[in-house]
Amino acid sequence: AALVSKMHHACIDGVSGADLMAHLFDCEPDAPDPAPPDDEWVPDPVPSDLTVAIDAMWAARPDYVRSHPAVEAAYDYAIHHPQIVEWMPCYCGCGDMGHGSNLDCYIRPADGTFEEHASYCDICVEITLKTKELVDQGMSLRQIRTIVDQTWGGSTPGTPTTLPPV
């Protein structure tokens, strides 16, 4: 005997769908239950409204953010980790543009939209990517700030960025 079933692809996916159909339409009258999964399924946490907004902003990023892989990586980090980047100064001279920290090189503080400045400024990008690297190494914000100040400070005035908490 044969049984033909037709289902729209939006209702079921590839291999797992085939497995499900094999169990649903098994010819055995008393087929054994399938083996339980190796790991218990745990749903992802519900994202906050802020996370949803940031992800939507990132999905609609302008072309200049994609101008170079390092630029895109720096924008990605700044957009998704503003609570870190806001404590780092910028030493490219953008303080004259009204920037208060390295974060302002990526996001306009007035309206929260993308700022084009970092897309053509190697110093902004270098500071952000160095910050990311040092965070990944487990350094504190204060330690990172000291390294940023020692590495880029002195050649041009930095932005008037508040020191991070201890």
Side-chain angles (χ1 to χ4, degrees), residues 8-17 37-166:
H8 192 275
H9 66 90
C11 297
I12 200 161
D13 70 343
V15 175
S16 61
D38 294 335
D39 297 322
E40 182 179 338
W41 178 77
V42 177
D44 291 334
V46 176
S48 68
D49 290 344
L50 178 61
T51 299
V52 171
I54 288 171
D55 289 348
M57 180 181 178
W58 183 247
R61 63 194 176 276
D63 288 339
Y64 60 79
V65 172
R66 297 178 174 98
S67 64
H68 186 274
V71 169
E72 190 166 23
Y75 269 94
D76 183 25
Y77 191 76
I79 297 299
H80 288 95
H81 300 90
Q83 75 283 5
I84 294 171
V85 180
E86 70 179 338
W87 296 107
M88 300 303 132
C90 191
Y91 286 101
C92 73
C94 64
D96 293 340
M97 298 169 47
H99 288 187
S101 74
N102 187 239
L103 182 61
D104 296 347
C105 302
Y106 300 92
I107 303 171
R108 291 185 187 101
D111 61 10
T113 60
F114 281 97
E115 164 64 63
E116 188 174 5
H117 176 74
S119 70
Y120 54 81
C121 183
D122 290 343
I123 295 173
C124 302
V125 170
E126 289 170 9
I127 290 171
T128 305
L129 294 180
K130 177 54 96 175
T131 299
K132 177 187 183 310
E133 176 188 326
L134 298 174
V135 166
D136 290 347
Q137 291 176 13
M139 288 191 168
S140 71
L141 289 175
R142 197 54 88 102
Q143 292 170 317
I144 296 167
R145 171 66 181 267
T146 299
I147 291 170
V148 167
D149 289 341
Q150 290 172 347
T151 304
W152 287 276
S155 59
T156 60
T159 54
T161 309
T162 306
L163 286 172
V166 178

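All values reported here derive from a predicted model rather than from experimental measurement. Counting begins at 1 with the first residue of the sequence.
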**Q** When rounded to the nearest 0.5 angstrom, what distance separates CD in Q137 from CD in Q143?
**A**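 One finds 10.5 Å between CD of Q137 and CD of Q143.
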**Q** Is R108 reaching over with its side chain to a backbone N or O of E116, donor-acceptor style, under 3.5 angstrom?
**A**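 No, because the side chain of R108 does not come within donor-acceptor range (under 3.5 Å) of the backbone of E116.
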**Q** Are Y106 and T128 linked by a side-chain donor-acceptor pair shorter than 3.5 Å?
**A**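 Yes, because at least one side-chain N or O of Y106 sits under 3.5 Å from a partner of the opposite role on T128.
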**Q** Ring pair (Phe, Tyr, Trp, His ring centres under 6.0 Å) between Y120 and H117: does it pass, once the steps are laid out?
**A** CA-CA 6 Å; Y120 54 81; H117 176 74; 5.5 Å; yes
**Q** How far apart are the closest heavy atoms of L103 and A78, and which atoms are they?
**A**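 It is CD1-O, 3.7 Å.
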**Q** To the nearest 0.5 Å, what is the distance between CG on L134 and OG1 on T146?
**A**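 Result: 11.0 Å between the selected atoms.
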**Q** Answer yes or no: is there a donor N or O on one side and an acceptor on the other, between the side chain of D104 and the main chain of G100, under 3.5 Å?
**A**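 Between the backbone of G100 and the side chain of D104 there is a qualifying donor-acceptor contact (under 3.5 Å).
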**Q** Can you tell me how far apart CH2 (W58) and OH (Y75) are? Round to the nearest 0.5 Å.
**A**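 Reported value, rounded in 0.5 Å steps: 9.0 Å.
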**Q** Under 6.0 Å from the CG atom of D136, do we count more than 12 heavy atoms belonging to anything else shown?
**A**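 Yes, because the 6.0 Å sphere around CG of D136 holds more than 12 heavy atoms from other groups.
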**Q** Is there a donor-acceptor pair under 3.5 Å between the side chain of T131 and the backbone N or O of I127?
**A**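 Side chain of T131 to backbone of I127, a donor-acceptor pair under 3.5 Å: yes, one is there.
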**Q** Using a cut-off of 6.0 Å, state whether more than 12 heavy atoms not belonging to D111 lie near its atom CG.
**A**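 Enclosed.
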**Q** A side-chain contact here means heavy atoms from C-beta on lying under 4.5 Å apart; do T113 and I107 qualify?
**A**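 Answer no - side chains too far apart.
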**Q** Could you walk me through whether K130 and T151 pass side chain to side chain contact (heavy atoms under 4.5 Å, CB included), step by step?
**A** CA-CA 10 Å; K130 177 54 96 175; T151 304; 5.9 Å; no
**Q** With rounding to the nearest 0.5 angstrom, report the SG to CD distance, C124 to E115.
**A**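 Here the rounded value is 9.0 Å.
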**Q** So, taking the atom named OG1 in T161 and the one named NE2 in H99, what distance separates them when rounded to the nearest 0.5 Å?
**A**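 T161 atom OG1 to H99 atom NE2 measures 11.0 Å (nearest 0.5 Å).
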**Q** What's the verdict on side chain to side chain contact (heavy atoms under 4.5 Å, CB included) for V71 and R66, showing C-alpha distance, side-chain angles and the deciding distance?
**A** CA-CA 7 Å; V71 169; R66 297 178 174 98; over 6 Å; no
**Q** Could you give the side-chain donor-acceptor pairs of residues 82-98 under 3.5 Å, partners two or more places apart or in another chain?
**A**
{"residue": "W87", "atom": "NE1", "partner": "Q83", "partner atom": "O", "Å": "3.2"}
{"residue": "Y91", "atom": "OH", "partner": "D149", "partner atom": "OD1", "Å": "2.7"}

**Q** If you round to the nearest 0.5 Å, how far is CG of L163 from CZ of R142?
**A**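 It comes to 4.5 Å.
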